[in-house]
Amino acid sequence: MSFETRAGTCGPGPDPGPRLDGQCRCPTCGAIQPWQDECRRCRTELVVLRRIAEETVRVRYCLLEALKENEQKIAGRLAERLVDLSPTPFHRALLKFSKNRI
């Protein structure tokens, strides 16, 4: 999914923004490990979890770019998507902030 702003496109392409790094916690056994497609301890498939995490990072990056470019409608839609992907208190605050700017 890509988003058009006055500054250009934010999304998949040569440079879609920041990359996922760090570690993940297996939702099945709780093992903390570098991002991989499979848990090293219990062999649970982590591909979907990784894709959600990558999409969350990408949408958050695009949201901040939209806010920087004063693209309120796009920022509102991105904030809603971000909360759908990861309903953390910070992401809810970004949604509230984005909606108040419209």
Side-chain angles (χ1 to χ4, degrees):
M1 183 185 302
S2 296
F3 301 95
E4 291 290 329
T5 66
R6 281 178 243 160
T9 301
C10 182
D15 183 19
R19 304 286 187 269
L20 190 62
D21 59 1
Q23 298 184 330
C24 72
R25 179 184 299 268
C26 175
T28 303
C29 72
I32 297 174
Q33 59 194 4
W35 281 102
Q36 321 181 42
D37 290 343
E38 184 178 90
C39 176
R40 61 176 163 70
R41 185 189 294 165
C42 69
R43 303 293 181 223
T44 296
E45 184 179 302
L46 301 174
V47 173
V48 173
L49 181 66
R50 183 180 190 157
R51 286 184 184 157
I52 291 170
E54 289 171 339
E55 179 73 359
T56 300
V57 169
R58 192 188 65 72
V59 171
R60 185 173 51 233
Y61 173 80
C62 291
L63 168 59
L64 295 175
E65 289 295 310
L67 288 171
K68 186 171 79 174
E69 296 296 324
N70 204 28
E71 297 278 357
Q72 288 92 359
K73 288 183 181 180
I74 293 172
R77 288 194 304 267
L78 289 168
E80 289 171 353
R81 175 79 174 131
L82 186 59
V83 170
D84 288 344
L85 290 167
S86 176
T88 66
F90 178 69
H91 294 159
R92 287 187 180 117
L94 281 174
L95 174 61
K96 187 175 181 180
F97 178 77
S98 298
K99 292 296 183 177
N100 287 336
R101 294 190 62 186
I102 294 178

Connected hydrophobic set around Leu95, excluding itself, where side chains approach under 4.5 Å: Val83
Given Leu64, Leu78, Asp84, the one that forms side-chain contact (heavy atoms from CB on, under 4.5 Å) with Val59: Leu78
Heavy atoms of Ala79 and Ser98 approach each other most closely as CB-OG, 3.8 Å
Under the salt bridge (Lys or Arg N to Asp or Glu O under 4.0 Å) test, residues paired with Glu45 that sit two or more places apart: none
Between the main-chain N or O of Ile32 and the side-chain N or O of Arg40, is there a donor-acceptor pair closer than 3.5 Å? yes
Exercise: identify the closest heavy-atom pair between Arg25 and Leu49: O-CD2, 4.1 Å
Hey, is CZ on Arg51 packed in by over 12 heavy atoms from elsewhere, all under 6.0 Å? no
Side chain to side chain contact (heavy atoms under 4.5 Å, CB included) evaluation trace for Glu69 with Ile74: CA-CA 10 Å; Glu69 296 296 324; Ile74 293 172; over 6 Å; no
What's the shortest heavy-atom distance between Ala31 and Cys39, and which atoms? CB-SG, 4.1 Å
Minimum side-chain heavy-atom gap Leu46-Asp37 below 4.5 Å: no
Taking side-chain contact (heavy atoms from CB on, under 4.5 Å) as the test, write out the residues that go with Val48, two or more places apart. Ile52
Which residues pass the salt bridge (Lys or Arg N to Asp or Glu O under 4.0 Å) test with Arg43, sequence neighbours left out? Glu38
With rounding to the nearest 0.5 angstrom, report the OG to CD distance, Ser86 to Glu55. 12.0 Å
Quick one: list whatever passes side-chain hydrogen bond (donor to acceptor under 3.5 Å, both in side chains) with Glu80, sequence neighbours left out. Lys99
Can you name the side-chain contact (heavy atoms from CB on, under 4.5 Å) partners of Thr28, sequence neighbours left out? Cys26, Cys42, Thr44
Is the shortest side-chain heavy-atom distance between Gln33 and Arg41 below 4.5 Å? no
Assigning hydrophobic clusters by single linkage (Ile, Leu, Val, Met, Phe, Trp, Tyr; side-chain heavy-atom cutoff under 4.5 Å), is Val47 placed with Trp35? no
Between Arg50 and Glu54, does a salt bridge (Lys or Arg N to Asp or Glu O under 4.0 Å) hold up when you go through it step by step? CA-CA 6 Å; Arg50 183 180 190 157; Glu54 289 171 339; 3.3 Å; yes
